[in-house]
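Let me begin by presenting the structure, written as structure tokens, before commenting on it.
Every chain is numbered from 1, with letters handed out A, B, ... down the list of sequences.
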Number of protein chains: 2
Amino acid sequence: MNIRSNPDKTVPAVTTGPLPSSRKIFASPDAAPDIRVPLREIILSEGAGEPNLPVYDTSGPYTDPSVTIDVNAGLARGRKQWVLERGGVEEYQGRQIKPEDNGSVSTDNAARSFAAYHQPLRGLDGHKITQLEFARAGIITKEMIYVAARENLGRKEQLERAEAALADGESFGAEVPAFITPEFVRSEIARGRAIIPCNINHSELEPMIIGRNFLTKINANIGNSAVTSSVEEEVEKMVWAIRWGADTVMDLSTGRNIHTTREWILRNAPVPIGTVPIYQALEKCNGDPVQLTWELYKDTLIEQCEQGVDYFTIHAGVRLQYIHLTASRVTGIVSRGGSIMAKWCLAHHKESFLYTHFDEICDLMRKYDVSFSLGDGLRPGSIADANDRAQFAELETLGELTKIAWDKGCQVMIEGPGHVPMHKIKINMDKQLKECGEAPFYTLGPLTTDIAPGYDHITSGIGAAMIGWFGCAMLCYVTPKEHLGLPDRNDVKVGVITYKIAAHASDLAKGHPAAQLRDDALSRARFDFRWSDQFNLGLDPDTAKNFHDETLPKEAHKVAHFCSMCGPKFCSMKITQDVRDYAATLNDPNSIGMSMSGTAEDGMKQMSAKFKEMGSSVYLDAEKVKESNKALS
Amino acid sequence: MNIRSNPDKTVPAVTTGPLPSSRKIFASPDAAPDIRVPLREIILSEGAGEPNLPVYDTSGPYTDPSVTIDVNAGLARGRKQWVLERGGVEEYQGRQIKPEDNGSVSTDNAARSFAAYHQPLRGLDGHKITQLEFARAGIITKEMIYVAARENLGRKEQLERAEAALADGESFGAEVPAFITPEFVRSEIARGRAIIPCNINHSELEPMIIGRNFLTKINANIGNSAVTSSVEEEVEKMVWAIRWGADTVMDLSTGRNIHTTREWILRNAPVPIGTVPIYQALEKCNGDPVQLTWELYKDTLIEQCEQGVDYFTIHAGVRLQYIHLTASRVTGIVSRGGSIMAKWCLAHHKESFLYTHFDEICDLMRKYDVSFSLGDGLRPGSIADANDRAQFAELETLGELTKIAWDKGCQVMIEGPGHVPMHKIKINMDKQLKECGEAPFYTLGPLTTDIAPGYDHITSGIGAAMIGWFGCAMLCYVTPKEHLGLPDRNDVKVGVITYKIAAHASDLAKGHPAAQLRDDALSRARFDFRWSDQFNLGLDPDTAKNFHDETLPKEAHKVAHFCSMCGPKFCSMKITQDVRDYAATLNDPNSIGMSMSGTAEDGMKQMSAKFKEMGSSVYLDAEKVKESNKALS
């Protein structure tokens with residue numbers, strides 16, 4: 001590249017190593033034994049009396065001790081072989097990197113550029129390139145086989161152990177099969193109801209699928225802004241976000257070093273990376289939307305297609321005729337991309353070039369299988385503006401553009417709000433499914449109230465759980481810093497965990513066949529006082545353990561049959577074994593009749609005797625425990 | 001009292017002073033001008049161009065600079081006069097405090113006892129005592145007048161300024177009137193659909209109302225356990241919880257000093273205090289449920305009635321015949337009270353004495369107007385156990401007991417779960433309304449998944465917001481320490497703020513006429529870049545300000561028309577004034593027709609010119625801001 005490398009600048013240091021009591025395991029699909037699909041196995045304690053629990057693993061090689069991580073070199077590029085095998089692509093001399101790609105950053109301020117350069121691939125005319133094209137042709141790709149195995153996460157074995165009743169739920173029309181087959185994946189992609197964001201130039205990718213008949217996914221946004229943060233921070237933020245469960249990551253960088261930052265992220269990213277190309281295009285004309293041109297924008301798309309970006313947010317639905325509909329809003333236009341285009345349209349008194357050149361955008365993105373994330377540039381920025389005409393007019397246009405993109409062979413998902421009170425959320429989901437032919441919906445929250453800056457991961461987590469239940473395929477996280485500042489490392493983690501909760505609550509409510517397996521495993525551990533298992537089965541074992549240890553720090557308490565809430569003197573959990581012994585003596589455990597059978601009478605008399613003799617002698621003394629903790633502090 | 005006072009022990013230090021940019025104001029109801037109903041007025045910045053915003057205020061005199069707080073003496077006991085005015089009560093020599101009331105604590109370990117002793121009041125036979133009895137007789141009490149004014153929070157003035165469309169929502173049968181009148185309060189209480197928990201001996205109380213046709217309320221649990229914490233901490237926890245918005249507080253103390261701790265809390269509590277009397281009764285028999293007797297329990301009820309506890313959780317629905325229904329559960333019986341009674345029933349092979357003596361319990365509680373909170377001792381402790389037969393069998397019995405309590409003249413609310421996946425939440429609400437004749441529902445969460453220990457304020461905040469929307473009248477908070485340990489000061493705040501979010505999101509979705517006023521005020525502040533107003537209108541101004549200042553610390557940035565998310569170079573908010581100017585030139589601002597009128601054409605041409613001349617010169621330079629922050633760090 002022609003930005004001088006600054007060897008002084010540090011190589012990003014990233015977080016590696018498995019999560020507590022977890023190990024990386026691999027599934028090998030029958031359909032392609034050479035493919036290794038990663039899962040995380042949570043290892044339970046010896047006394048657990050049940051098998052370890054396999055869970056979905058977004059963390060990539062960073063949690064695999066057998067892999068040596070060199071951020072300087074990037075991850076292994078195994079997927080390139082899959083693309084070449086399929087044919088229909090050519091390797092070529094890519095576009096030259098220009099100074100403006102990095103905001104014309106001065107040499108002194110230039111970030112250390114990524115060492116390796118990989119020649120880009122692009123599709124040849126007359127050949128199938130995108131997953132949608134292969135799916136329609138009845139061809140099952142390795143990506144499809146991969147995601148099918150990934151979605152099943154050992155489901156079969158687990159379900160055989162579990163009870164039948166797991167799949168109860170209200171799916172609102174979604175149909176998650178008991179087992180995911182490659183053919184099911186293909187059929188869902190073929191009809192546009194799911195996408196696998198996978199640029200043919202993102203060879204480091206571990207493919208994943210987004211669609212309402214699969215596990216609900218979450219996205220984490222990162223990105224340095226003009227005001228703060230650096231390349232090193234962004235790479236670690238990406239690694240950190242996927243460690244805790246982000247399924248995709250969007251790089252929303254602005255300002256300087258934007259190309260270099262993205263290169264570092266992509267070469268080290270096992271998850272799909274999304275961007276909003278208009279942000280970089282704007283930097284190339286000094287932040288003045290009026291100076292934007294189609295040529296400049298198109299050149300930016302090519303730049304990012306060649307780098308390997310997996311999906312583009314494109315605000316092509318912000319049409320000239322809709323802009324005045326935002327005039328009476330409380331918060332006007334809050335989407336950056338939307339307002340950039342609105343300003344361009346007004347300044348030139350023209351229809352958006354994203355709308356008028358949409359065909360060309362499709363042709364370009366198809367060549368690299370970059371998926372569309374049709375942006376909601378007119379999304380509501382406040383409760384007052386939710387579900388207004390501006391928002392829905394744009395959504396209708398996104399539906400029209402979806403069909404065009406599909407005709408061109410492109411994969412598509414649709415972005416959604418924003419700020420929406422609970423009673424208006426389902427209307428959004430239903431209208432999106434109708435207008436956009438069931439293309440996957442991808443929403444930001446929505447935030448269910450405006451009154452809690454500093455807690456918008458929670459105001460939005462509520463809306464995210466609900467819209468996920470109603471059928472939203474991917475939930476874009478919101479961090480505690482929303483509306484206030486850029487998220488730091490801890491904010492990213494809190495945002496990701498909050499959205500894993502929302503996504504999982506959605507899967508439970510939809511009746512996803514395997515979702516409840518983890519809840520049940522954790523609840524059994526909780527009930528058996530297997531404290532370590534309870535921590536390790538949770539979304540954030542470290543935090544759970546730390547919280548527990550604040551009041552009961554000693555290792556001995558990890559096996560104690562009590563906790564600090566009730567203390568050892570009396571614990572409600574202890575009663576249940578007594579109840580079980582008692583119930584076992586009844587004729588009919590399910591009877592709730594007033595009168596008991598003779599056997600029941602006997603059983604209860606026996607239990608009475610047993611309890612009387614037990615008294616309270618079996619319980620530890622609370623004061624002793626208190627002393628033992630004092631001793632430590 | 002006959003526990004020797006230890007003058008060495010410290011007097012609790014509590015948090016006082018108003019919240020940022022807030023002052024205490026008082027409404028004087030026309031119906032009783034001598035009554036002063038506190039509100040918090042959030043003072044907006046000079047440039048706001050709109051009036052200050054009055055909000056509900058649970059914090060009591062602690063946020064009123066004109067009041068001198070002496071925790072040693074307790075709060076003013078003004079409400080006693082109201083009770084005496086009504087007559088039908090007698091002052092009498094109360095029950096003597098016994099060593100076992102404080103768990104027979106040794107003199108060395110005894111907490112400093114509360115200095116003042118107040119003779120208790122009790123109702124005389126043949127007189128009306130409870131709010132329900134007065135309401136049925138068509139009598140409007142001062143408590144009713146007080147809560148009516150409190151619920152309106154200046155609504156009338158605000159609504160006259162606001163647009164009509166505010167009240168849109170889906171109420172599922174709730175009917176919150178545009179304005180709350182004392183007569184409406186009376187009628188809701190008369191039909192059992194709302195309660196004012198107000199023991200005649202809690203003279204420090206600022207009355208509040210719980211019912212689905214009023215603002216959704218939240219409860220915070222505090223209480224020392226055998227394992228940790230002290231009297232001082234508990235009093236401050238109460239003051240701290242109401243500072244952030246807890247409407248009621250439950251003292252769940254166990255172990256030693258239980259009577260003394262409660263006395264300190266009650267004498268300093270402006271909010272209703274609830275307890276679970278069986279906890280103390282259990283301490284009186286050394287934690288052995290088998291030794292519990294009706295006499296011992298009744299004596300404990302009298303002790304707490306005389307102290308002024310406003311509502312009792314009583315698990316009278318845990319019947320002998322239901323216990324075996326929990327045998328096949330994943331987490332059995334998780335309610336402490338429920339498991340205590342289950343063990344007693346099994347040990348003695350008898351029906352619960354709470355059930356068999358329910359009439360006597362009603363007669364006793366009526367004399368002091370202590371409200372029932374009928375406990376859900378068989379609530380599910382995991383997703384797997386939600387909505388099972390054990391849970392619903394108990395709920396049906398609670399419905400039967402509700403009617404008995406009403407016949408006795410007692411106020412009643414019903415406790416609910418627990419752990420419930422989203423799709424099973426509404427079933428709980430609907431069944432409770434049906435079985436319990438619309439008596440107020442009071443739920444713990446519910447938690448919508450089991451897999452996030454350390455984040456159960458969020459897993460439950462999702463369920464709480466939903467069930468509040470469906471009609472739940474009060475939401476019992478869950479802190480991040482749930483399942484792991486006792487909440488500390490910060491956990492209490494996070495729990496309270498999370499539940500204020502859930503309660504407010506519920507009110508918005510129900511279409512509460514005044515709920516959106518605060519969202520709109522905050523969103524206008526956000527859109528106008530009135531940073532301080534945005535912080536101060538939020539639920540936690542301190543946290544919002546700190547988060548903002550992490551990236552833009554300088555005071556100058558409090559008026560900056562940009563934030564760190566996008567930086568100053570381009571901000572989406574700035575576009576909207578342009579859009580408004582433009583829209584103002586259109587004939588029909590609501591038209592979205594393809595063709596524009598002549599005026600529209602002109603308008604757009606003018607805007608084009610304006611924007612071209614503006615270019616990007618109006619924007620600050622991002623790098624300068626970056627430097628200015630570097631300078632500070």
>> Out of A/T448, A/I501, A/L537, return the one with the most heavy atom pairs under 4.5 angstrom to chain B.
In response: A/I501
>> For B/N546, which atoms come within 4.5 Å of any heavy atom of chain A: side chain, backbone, both, or neither?
In response: neither
>> If we define contacts as heavy-atom pairs under 4.5 Å, which of B/S382, B/P453, B/P421 has the most with chain A?
In response: B/P453
> With sequence neighbours excluded, what pairs up with B/H457 under the side chain to side chain donor-acceptor pair (under 3.5 Å) test?
Replying inline: none
>> What's the separation between atom NE2 in A/H419 and atom CG in B/D519, rounded to the nearest 0.5 Å?
In response: 10.0 Å
>> With a 4.5 angstrom heavy-atom cut-off, is it the side chain or the backbone of B/I497 that approaches chain A, or both, or neither?
In response: side chain
>> Using 0.5 Å steps for rounding, measure from the CD1 atom of A/I458 to the CD1 atom of B/I462.
In response: 9.5 Å
> Looking at A/A464, A/A452, A/G338, A/A465, which makes the most heavy-atom pairs under 4.5 Å with chain B?
Replying inline: A/A465
> Would A/R518 and B/D450 satisfy salt bridge (charged side-chain N to carboxylate O under 4.0 Å, His left out), going step by step from the backbone distance to the final call?
Replying inline: CA-CA 8 Å; A/R518 188 171 182 175; B/D450 305 338; over 6 Å; no
>> Does A/K545 qualify as a cation-pi partner of A/F535, given the criterion of NZ or CZ under 6.0 Å from the six-membered ring centre and within 45 degrees of its axis?
In response: no
> Under the side chain to side chain donor-acceptor pair (under 3.5 Å) test, which residues partner B/T543, sequence neighbours left out?
Replying inline: B/D540
>> Given heavy-atom pairs under 4.5 angstrom as the criterion, report whether the side chain, backbone, both or neither of B/K424 touches chain A.
In response: side chain
> Without hydrogens or angle criteria, can the side chains of B/Q291 and B/D288 be said to hold a donor-acceptor pair below 3.5 Å?
Replying inline: yes
> Relative to chain B, which segment of A/L522 carries a heavy atom at a distance below 4.5 Å: side chain, backbone, both, or neither?
Replying inline: side chain
> Between B/E170, B/Q534, B/H504, which has the largest tally of heavy atom pairs under 4.5 Å with chain A?
Replying inline: B/H504
>> As an exercise: rank A/G381, A/S523, A/G454 by heavy-atom pairs under 4.5 Å with chain B and give me the winner.
In response: A/S523
> By a 4.5 Å heavy-atom criterion (distance strictly below it), what part of B/P480 contacts chain A: side chain, backbone, both, or neither?
Replying inline: both
